[in-house]
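Every chain is numbered from 1, with letters handed out A, B, ... down the list of sequences.
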Amino acid sequence: MKYAVPRGTKDILPDDTPLWQFIEDTCRETFGLFNYREIRTPIFEATDVFTRSIGYTTDIVKKEMYTFPDRKGRSLTLRPEATASVVRAGLENNLITPDNLLKVYYLGPMFRYERPQAGRQRQFHQAGVEAFGSADPALDAEMIQLSVKLFERLGLKELEVDINSVGCKKCQPAYREALKKYFESNLANLCGDCRQRFELNPLRILDCKEAHCRKYIEQAPAMVDHLDAECKAHFSQVVGWLDHLLVKYKINDRLVRGLDYYTRTAFEIVSKQLGAQNAVCGGGRYDDLVEEMGGKSVPAIGFAAGLERVVEILKAESRQSKIENRIGLFIATIGDEARQVGFHLLTKAREKGISADIDFQGKSLKAQMKAADRLGARYVYIIGDDELKNKSAVLKNMGTAEQKEVSFGELLSVFVK
RNA sequence: GCGGCCAUGGUGUAGUGGUAACACAGCAGAUUGUGGAUCUGUUAUUACGGGUUCAAUUCCCGUUGGCCGCCCCA
């Protein structure tokens, strides 16, 4: 094989596209129900758009971005996620202002240079929403409800919603100190990675899966206990709204997200049906990002769902219900003249909205029938020399094998009714 | 970036140090103008490069890729 897809990318083939289309349609519909409107931003941006928003110390920025100079030497980057792009677009087009509530959604490919693994690719697809202009806890709850509804409509089961609050600029530093103080004495017992995290971002220690680290993590102080009054009130109202909306959730005070811009509410939906990469969706509030990117102070919240992971689950559940791509009519012909007439009828059928096809490989009638069968054609119209004289031919129902004589003129009316 | 496992026709799988087996799919045919059943025939330089050997698909090394885990995240 001379050419192959680049590592970590995949072709989505015709057998799978119906499933993808179902997922995409369901996303659009569900987001629409919650009054989100679609936004489409470029697939690459000036590198700064991502480095400044996602954070210089995150893995994404440090080692996972596809960054390249264009012909004029500008540094561009394939988007590793879409929130930064949406903020940039919203600011540039004056859609994000303190007084305007903006609800947008997006759908599309993202790029991260990582080692491929189950549920992890270098090009992958996300569907996400962002809401700007409100710090209302009800909005946080609505967004979590939206993500749950989305997966419900997609038909996913066995999901768990985890939520936490990571505090804000004011109270998070104190919590970091508290964590450092706690881990300091046990530093020698932690794994090498955690010792690094201790310096760079102690919050991430909470995420460590090493068994011997977990012993210490369990006893570590929780962010929830270190929130300032406002963050605490916000979090309890989010939880209150979730209860009111009957959304099931689990407070997970060890939940930490990997992007630097999150504040207050952080949430994740994980599936028990996936491997190590088990999050189907993650998101949270980012009240400082808009200002950091040059806008006024505008609170915001969003989440993104990983579509490959949804596909993986739906395939495993084989719940895709074989969304078949059948055609309505196949026109089988014998001889050149019949083919010309057949092609004419084919055109008319298509004009009437009937999906239809004809042979292009010079096949025998038998082989044409076989081809029609494989295409799942509901009907085959068989035209030969005799039929040309009578302007009438046999229409065969491929399901029942019934045949009846139908004139050229009547053919389409049979389908219309 | 690190570790483990793996790499045979379109697909899924056998197998052996001496030039590849099976299933399914595909194509062609089994009386002349008709599909889905059956039968027959047909479809592979055994990922790439190098090494050991009289001889490698089978052994060794490297490369590339895949899967799984770490990391990280969706």
Name every donor-acceptor pair, under 3.5 Å, that has one atom in a side chain of residues 368-378 of chain A and the other anywhere in the protein, sequence neighbours excluded.
residue	atom	partner	partner atom	Å
A:Gln368	OE1	A:Thr333	N	3.0
A:Gln368	NE2	A:Thr333	O	2.9
A:Gln368	NE2	A:Lys363	O	3.1

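- Cation-pi geometry between A:Lys62 and A:Tyr56 is not met: the NZ or CZ atom fails to fall both under 6.0 Å from the ring centre and inside 45° of the normal.
- Between B:C61 and B:G26, the distance separating the two C1' atoms is 39 Å to the nearest Å.
- The distance from atom CD1 of A:Ile313 to atom P of B:A74 is 15 Å, rounded to the nearest whole Å.
- Of the P atoms belonging to B:C27 and B:U64, the separation is 38 Å, rounded to the nearest Å.
- Checked by atom type, the side-chain pair A:Glu130/A:Tyr286 shows a donor-acceptor distance below 3.5 Å.
- For A:Asp288, the side chain to side chain contact (heavy atoms under 4.5 Å, CB included) partners at least two apart in sequence or on another chain are A:Lys169, A:Thr263, A:Glu292.
- The listed nucleotides are B:C71, B:C27, B:C73; the one nearest the side chain of A:Lys363 is B:C27.
- Between B:C22 and B:A30, the distance separating the two P atoms is 25 Å to the nearest Å.
- Among residues two or more places apart in sequence or in another chain, the side chain to side chain contact (heavy atoms under 4.5 Å, CB included) test is passed with A:Gln237 by A:Pro137, A:Ala233.
- Proximity note for A:Glu64 (side chain, C-beta onward) versus B:A74, B:U34, B:C72: the nearest is B:C72.
- In terms of position on RNA chain B, the residue among A:Arg7 and A:Arg309 whose nearest nucleotide sits closer to the 5' end is A:Arg7.
- With sequence neighbours excluded, no residue satisfies ring pair (Phe, Tyr, Trp, His ring centres under 6.0 Å) with A:Phe132.
- Rounded to whole angstrom, the span from the CD atom of A:Glu81 across to the P atom of B:A74 amounts to 8 Å.
- Side chains of A:Ile163 and A:Asn252 form no contact here, defined as non-hydrogen atoms less than 4.5 Å apart.
- Listed in residue order, the members of residues 278-290 of chain A having a heavy atom less than 4.0 Å from RNA chain B are A:Ala279, A:Val280, A:Cys281, A:Gly282.
- Comparing B:U57 with B:A21, their P atoms are spaced 16 Å from each other, to the whole Å.
- A gap of 15 Å separates the P atoms of B:A20 and B:A47, to the nearest Å.
- With sequence neighbours left out, A:Glu152 forms a side chain to side chain contact (heavy atoms under 4.5 Å, CB included) with A:Val148, A:Lys149.
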Look for any protein N or O under 3.5 Å of an N or O in nucleotides 35-40 of chain B and output each such pair with its distance, or none.
residue	atom	partner	partner atom	Å
B:G35	OP1	A:Lys366	NZ	3.3
B:G35	O2'	A:Asp373	OD2	3.1
B:G35	N7	A:Lys396	NZ	2.8
B:G35	N1	A:Met398	O	2.7
B:G35	N2	A:Asp373	OD1	2.9
B:G35	N2	A:Met398	O	2.9
B:G35	N3	A:Asp373	OD1	3.3
B:G36	O4'	A:Asp373	OD2	3.2
B:G36	N2	A:Met398	O	3.4

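- Not a single ring pair (Phe, Tyr, Trp, His ring centres under 6.0 Å) links A:Phe34 to another residue, sequence neighbours left out.
- The same atom, P, is picked in B:A7 and in B:U13; the two are 11 Å apart, to the nearest Å.
- Contact between the side-chain N/O atoms of A:Gln117 and the OP1/OP2 oxygens of B:C68 is not found at any separation under 4.0 Å.
- Protein atom CG of A:Leu206 is 13 Å distant from nucleotide atom P of B:C73, rounded to whole Å.
- Computed from coordinates, the A:Glu312 CD to B:C73 P distance equals 19 Å when rounded to whole Å.
- Atom P of nucleotide B:A25 and atom CG of A:Leu375 are separated by 17 Å, given to the nearest angstrom.
- Note: CG (A:Asp15) to C1' (B:U11) measures 12 Å, nearest angstrom.
- Stem regions for RNA chain B, each three or more consecutive Watson-Crick or G-U pairs with both distances under 3.5 Å and listed by first number, read B:1-7 with B:64-70, B:10-13 with B:21-24, B:26-30 with B:38-42, B:47-51 with B:59-63.
- On the C1' atoms, B:G17 is 11 Å away from B:C54, given to the nearest whole Å.
- Rounded to the nearest 0.5 Å, atoms CZ (A:Arg120) and CZ (A:Arg309) are 8.5 Å apart.
- Taking atom C1' on both B:A74 and B:C2, the two are 23 Å apart, rounded to the nearest angstrom.
- For B:C71, neither phosphate oxygen OP1 nor OP2 lies less than 4.0 angstrom from any side-chain nitrogen or oxygen of A:Lys63.
- Note that A:Arg122 lies in the cation-pi zone of A:Tyr113, set by a 6.0 Å cut-off to the ring centre and a 45° limit from the axis.
- Checked against B:A74, B:G33, B:G69, the side chain of A:Gln126 finds its nearest nucleotide in B:A74.
- The nearest pair of heavy atoms linking A:Ile39 to A:Val86 is CG2-CG2, 4.2 Å.
- At the heavy-atom level, A:Gly128 lies nowhere under 4.0 Å from the strands shown.
- Judged by distance alone, the side chain of A:Thr77 and the main-chain N or O of A:Arg79 form no donor-acceptor pair under 3.5 Å.
- Rounded to an integer number of Å, the gap from A:Arg112 CZ to B:C72 P is 13 Å.
- Comparing B:U34, B:C71, B:C73 by their closest approach to the side chain of A:Arg204 singles out B:C73.
- Residues satisfying the side chain to side chain contact (heavy atoms under 4.5 Å, CB included) criterion with A:Lys10, sequence neighbours excluded, are A:Gln121.
- Contact annotation for A:Glu387: base contact, defined as any heavy-atom pair under 4.0 Å involving a base atom.
- For a distance-only test at 3.5 Å, the side chain of A:Gln368 fails to qualify as a donor-acceptor partner of the base of B:U34.
- Nucleotide B:A74 holds its P atom 20 Å from the CG atom of A:Leu314, rounded to whole Å.
- Between A:Tyr36 and A:Tyr105, the gap from one ring centroid to the other reaches at least 6.0 Å.
- Comparing A:Ile269 and A:Val5 by the nucleotide of RNA chain B whose heavy atom lies nearest to each, the residue mapping closer to the 5' end is A:Val5.
- Here the side chains of A:Met223 and A:Cys171 are in contact, with some heavy-atom distance below 4.5 Å.
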Would you tabulate the nitrogen or oxygen pairs shorter than 3.5 Å linking the protein to nucleotides 1-5 of chain B?
residue	atom	partner	partner atom	Å
B:C2	N4	A:Arg115	NH1	2.7
B:G3	O6	A:Arg115	NH2	3.3

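- For A:Ile334, taking side-chain heavy atoms from C-beta onward, the closest of the listed nucleotides B:A74, B:C68, B:G33 is B:G33.
- Counting any heavy atom pair closer than 4.0 Å across all strands shown, A:Lys62 reaches no nucleic acid atom.
- Legend: residues meeting ring pair (Phe, Tyr, Trp, His ring centres under 6.0 Å) with A:Tyr175, ordered by chain and number and at least two apart, are A:His226.
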